[in-house]
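Comments concern the structure below.
The figures that follow rest on heavy atoms only: side chains count, while hydrogens, waters and symmetry mates do not. Whatever order the structure lists them in is the order used to number ligands and atoms, beginning at 1. Throughout, residue positions are numbered sequentially from 1 according to the sequence presented.
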Amino acid sequence: MNTSVSIKDLSLSFGAIDVLKNLDLDVHDGEFLVLLGSSGCGKSTLLNCIAGLLDVSAGQIFIKDRNVTWLEPKDRGIGMVFQSYALYPQMTVAKNLSFGLQVGKVPKPEIDKRVKRASEILQIEPLLKRKPAELSGGQRQRVAIGRALVRDVDVFLFDEPLSNLDAKLRSELRVEIKRLHQSLENTMIYVTHDQIEAMTLADRIAIMRGGVIQQLDEPTTIYNRPVNRYVAGFIGSPSMNFLDGELAQKDGKTIFRSNGVDFDLDGYDGNGPLPTSGKVTLGVRPEHVMVDDEIPSGQEVHQAVVDLEEPMGADNLLWLKHAGHLFTVRVGGNKRYRPGQEIRLAFAMELASVFDAETELRL
Ligand SMILES: Nc1ncnc2c1ncn2[C@@H]1O[C@H](COP(=O)(O)OP(=O)(O)OP(=O)(O)O)[C@@H](O)[C@H]1O
Ligand SMILES: [Mg+2]
């Protein structure tokens, strides 16, 4: 696979603060790569380094095999869309789209062609004569994306382009961006702290923490085989249940023991054989706990008590008490329970994670 953007041993510090630390990242040609992480982890900083808006402290950046580390932003072959649309308020939509090209001395017929194409793709043709003040937030953001599109570049960089929009518009534009990527097949690097956006848009997700990439993988791999407890807790809503305990031996097998309760680990899909003892955390997602009639025969069954129910329409979220833990379980929306009611449960261990308590790595 060809590499579109390659980042080698990149570091960036603001004064005494090291924001990016020896970061390596290869983005494939045509890939939709999402940088995901909590606020302040360095996502925008990394994107701004790729765009050339920040000078790196050390390391190199290649775009299409060209070392662009010290090139001006305009010479890097990138288009960038920011969270704030930053359109020129006194110019029409058409002018907002074409202005950068005119400054760059692109011939008029070529400008017209590109503006037409971008506005078709983004369905903003009826808006071309309006000014930004006469547009909705979603329309403004589409124009901002259009401004990057007309530049006809190899790589698009998006920094939280949807975060100023309400929930409904966000999900609509999310689909449009996905469609845009499917039709253009450009490389896209997309920053967000919204895990739904990350899961739905990305070919691969890079999860960042403190200026370091924790895991770079396909969304389903990150979801099912998180490398460590941090990644496991960051992805998934409601978040993974964590039960602290230890590994122990029973009937010749390794089991998980927590507050005196034993859990079978049959079927656990780890990175290798589990150690025979030691402090660990068992991680189980709410949707990987089965209750009552969902439990296949042959599974180890536990008895729990319903603490609380949160009906969410399609799903019903149960809070259950068992083995001194309170944890969440996702069941079908038509399954209703009362607080205090007894409930049988089983863990889908083949989808669970066991983390070393000290290193927090998945075992
Ligand atoms: N110009 C600056 N001078 C000093 N520190 C900065 C500067 N810009 C960013 N930082 C710091 O660098 C770290 C990373 O910032 P960055 O903007 O990359 O975070 P982010 O992951 O994009 O977060 P958010 O989700 O809030 O946008 C933060 O701790 C921030 O305070
Ligand atoms: Mg940011």
Please find out if less than 6.0 Å separates the ring center of His302 from that of Phe263. yes
Mark whether atom 31 (O) of ligand 1 lies under 4.0 angstrom from at least one protein heavy atom. no
Is the closest protein non-hydrogen atom to atom 7 (C) of ligand 1 under 4.0 Å? yes
Determine whether the side chain, the backbone, both or neither of Met208 has a heavy atom under 4.0 Å from any heavy atom of ligand 1. neither
Taking 4.0 Å as the limit for heavy-atom contacts, which would you say applies to Val19 with ligand 1: side chain only, backbone only, both, or neither? side chain
[X]-ligand 1 polar pair, N/O distance under 3.5 Å:
{"X": "Gly42", "result": "yes"}
{"X": "Cys41", "result": "yes"}
{"X": "Ile17", "result": "no"}

At their closest point, which heavy atom of Gln139 faces which heavy atom of Arg130, and how far apart are they? OE1-NH1, 4.5 Å
Does a donor on one side chain and an acceptor on the other come within less than 3.5 Å for [X] and [Y]?
{"X": "Tyr337", "Y": "Asp292", "value": "yes"}
{"X": "Glu197", "Y": "Thr192", "value": "yes"}
{"X": "Glu310", "Y": "Trp319", "value": "yes"}
{"X": "Gln83", "Y": "Ser163", "value": "yes"}
{"X": "Thr69", "Y": "Asn67", "value": "yes"}

Tell me the protein heavy atom at minimum distance from [atom], and give that distance in Å.
{"atom": "atom 18 (O) of ligand 1", "answer": "Thr45 OG1, 2.5 Å"}
{"atom": "atom 5 (N) of ligand 1", "answer": "Phe14 CD1, 3.3 Å"}
{"atom": "atom 17 (O) of ligand 1", "answer": "Ser44 CB, 3.7 Å"}
{"atom": "atom 24 (P) of ligand 1", "answer": "Ser39 OG, 3.7 Å"}

May I ask which of Lys43, Arg209, Gln83 has a heavy atom nearer to atom 21 (O) of ligand 1 than the others do? Lys43
Pick from Gly15, Ser13, Gly40: the one approaching atom 28 (C) of ligand 1 most closely through a non-hydrogen atom: Gly40
Considering only NZ, NE, NH1 and NH2 on the basic side and carboxylate oxygens on the acidic side, decide whether Glu294 and Lys335 come within less than 4.0 Å. yes
Would you call Glu172 and Lys168 a salt bridge, taking side-chain N to carboxylate O under 4.0 Å as the test? yes
Are there over 12 heavy-atom neighbours, none belonging to Asp75, within less than 6.0 Å of that residue's CG? yes
Per-atom contacts, ligand 1 versus Glu160 - under 4.0 Å to a heavy atom: 25 (O)
N/O/S of Ser44 less than 2.8 Å from the Mg ion (ligand 2)? yes
